[in-house]
Amino acid sequence: MGRIFTDRSRRKLIKGVAVLTSGALASQLLSAGANQYGVEGQVAPELEISYWIDRDGNPTTFSLAAERGKWVMLKLFQDWYPGCHSSGFPTLQTFAAEFADHPRVAIASIQTVFEGFGSNTLEDVRKNQIRYQLPITMGHDPGDANGDHRPHTMRAFRTGGTPWIILIRPDGRVVYNHFHVNTERLIDYVGSRVG
C-alpha cells in the first residue's frame with residue numbers, strides 16, 4: 001500500500017516513457033536530471049557545419065531553414081564509439097529505409113567530434129555512409145582539440161554525447177533530443193504524421 005507504483009502502473013510508466021509522443025511528458029521523463037540535456041519544445045538552432053556530402057559522397061549543403069515544412073531527423077555519431085555502431089547506425093539504417101525518399105522527411109547524420117580527434121575524421125563520414133548503405137546527407141562537425149572540445153551542434157542542441165537523435169517538427173520545433181529511441185515507435189510516430 002505504501003509503494004509509489006504498483007507493478008501495473010510501473011509497466012504503464014515504462015511503456016509510456018518508451019513511446020515517443022508530441023507532448024513534453026516523454027521528453028521530461030527521458031531527460032531525467034533537471035533537464036540537463038536537450039532543447040525539446042524550442043525552435044531548432046541552425047546547423048553551422050561546413051562539410052556535407054550527399055548520398056553519393058559528393059559535396060553538398062544542408063540547412064534546417066531549407067528543410068522547414070518537413071520532419072527532420074538528425075543522428076549524431078562518432079566513428080570510434082562502439083555504441084554508434086551497435087545501436088546508432090542500425091536505428092539510422094532502419095529509419096532511412098523507411099523515409100529516405102519521403103518528400104516530407106529530411107534525414108541527416110553528423111559526426112560530432114568531441115574526443116578522439118585523430119580517429120573521427122572526415123574520411124570516416126563517407127566510410128560509414130558506404131558501410132551502412134545510407135542514402136542520406138552526412139556531415140562532419142569537429143570540435144576544437146585545443147579549446148572548447150564540443151562542436152557547435154552539441155552545444156546548440158545541448159546533447160550529451162553520441163549516439164544522439166534529434167527529431168524536429170515541420171514548424172522547426174524540437175520534439176525529441178536524446179541518446180536512444182525505440183526505432184519502431186519512432187517510425188510509427190513520424191509515419192502517422194506524414195501519411
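Atoms CZ and OG, from Phe77 and Ser87 in turn, are 13.5 Å apart once rounded to the nearest 0.5 Å. The line from CZ of Phe62 to CD1 of Ile53 is 13.5 Å long, rounded to the nearest 0.5 Å. With rounding to the nearest 0.5 angstrom, the NE2 atom of His152 is 8.5 Å from the CZ atom of Phe157. The CD1 atom of Ile168 lies 14.0 Å from the OH atom of Tyr176; values are rounded to the nearest 0.5 Å. Expressed to the nearest 0.5 Å, how far CG of Asp56 lies from OG1 of Thr137 amounts to 10.0 Å. Note that the OG1 atom of Thr91 and the CD atom of Glu184 stand 10.5 Å from one another [nearest 0.5 Å].
Using a 4.5 Å heavy-atom threshold, the side chains of Met73 and Val190 count as separate. Looking only at side-chain heavy atoms (C-beta outward), Leu47 and Ile110 come within less than 4.5 Å of each other. Side-chain atoms of Ile165 and His180, non-hydrogen and from C-beta on, never get closer than 4.5 Å to each other. Counting only heavy atoms from C-beta outward, the side chains of Pro142 and Phe117 never approach each other to under 4.5 Å.
The side chain to side chain donor-acceptor pair (under 3.5 Å) test applied to Arg155 returns Asp148, not counting sequence neighbours. The side-chain contact (heavy atoms from CB on, under 4.5 Å) search around Ala97 returns none, not counting sequence neighbours. The side chain to side chain donor-acceptor pair (under 3.5 Å) test applied to Thr153 returns Asp141, not counting sequence neighbours. Considering only residues two or more places apart in sequence or on other chains, His85 meets the side-chain contact (heavy atoms from CB on, under 4.5 Å) condition with Asp79, Phe89, Asn128, Arg131, Tyr132.
Under the 30°/60° scheme for interplanar angles, the aromatic rings of Trp164 and Tyr37 are found to stand perpendicular.
Looking only at distances, a side-chain donor or acceptor of Asn120 sits under 3.5 Å from a matching main-chain atom of Trp80. Side chain of Ser109 to main chain of Lys75: a donor-acceptor pair is present (N/O by atom type, distance under 3.5 Å, no hydrogens or angles). In this structure a side-chain-to-backbone donor-acceptor pair under 3.5 Å is present from Gln111 to Thr121. A donor-acceptor contact shorter than 3.5 Å links the side chain of Arg104 to the backbone of Arg193. Side-chain atoms of Arg126 never come within 3.5 Å of backbone atoms of Leu122 as a donor-acceptor pair (strictly under, hydrogens ignored). Judged purely by atom type and a 3.5 angstrom limit, Gln78 has no side-chain atom pairing as donor or acceptor with the backbone of Ser119.
The ring of Phe99 has its center closer than 6.0 angstrom to the ring center of Phe95.
Note on Arg185 versus Asp188: no salt bridge recorded, every NZ/NE/NH1/NH2 to OD/OE distance being 4.0 Å or above.
Both Ile107 and Met138 sit in one connected hydrophobic cluster of ILVMFWY residues. Membership requires side-chain heavy atoms under 4.5 Å apart, directly or through other members. With hydrophobic clusters built from ILVMFWY side chains whose heavy atoms lie under 4.5 angstrom apart, Val105 shares a cluster with Leu186. There is a path of hydrophobic side-chain contacts, each under 4.5 Å, that joins Tyr51 to Ile136. Transitive grouping of hydrophobic side chains (ILVMFWY, heavy atoms separated by less than 4.5 Å) brings Ile187 and Val175 into a common cluster. Taking hydrophobic clusters as Ile, Leu, Val, Met, Phe, Trp and Tyr residues chained together by side-chain heavy-atom distances below 4.5 Å, Val43 does not share a cluster with Leu74.
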Under 3.5 Å, which donor-acceptor pairs link side chains of residues 64-72 to any protein atom two or more places apart or in another chain?
| from | atom 1 | to | atom 2 | distance (Å) |
| --- | --- | --- | --- | --- |
| Glu67 | OE1 | Lys70 | NZ | 3.1 |
| Arg68 | NH1 | Asp171 | O | 3.3 |

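Among all heavy-atom pairs drawn from Ala156 and Val39, the shortest one is O-CG1, 3.9 Å. Scanning both residues, Cys84 and Pro90, for their nearest heavy atoms gives O-CD, 4.2 Å. Counting all heavy atoms, side chain and backbone alike, Pro135 lies closest to Ala100 at CG-CB, 3.8 Å. Contact detail for Trp52 and Ala108: the closest heavy-atom pair is CZ3-CB, 4.0 Å.
Through side-chain heavy atoms spaced under 4.5 Å, either directly or across other Ile, Leu, Val, Met, Phe, Trp or Tyr residues, Phe114 is tied to Met154.
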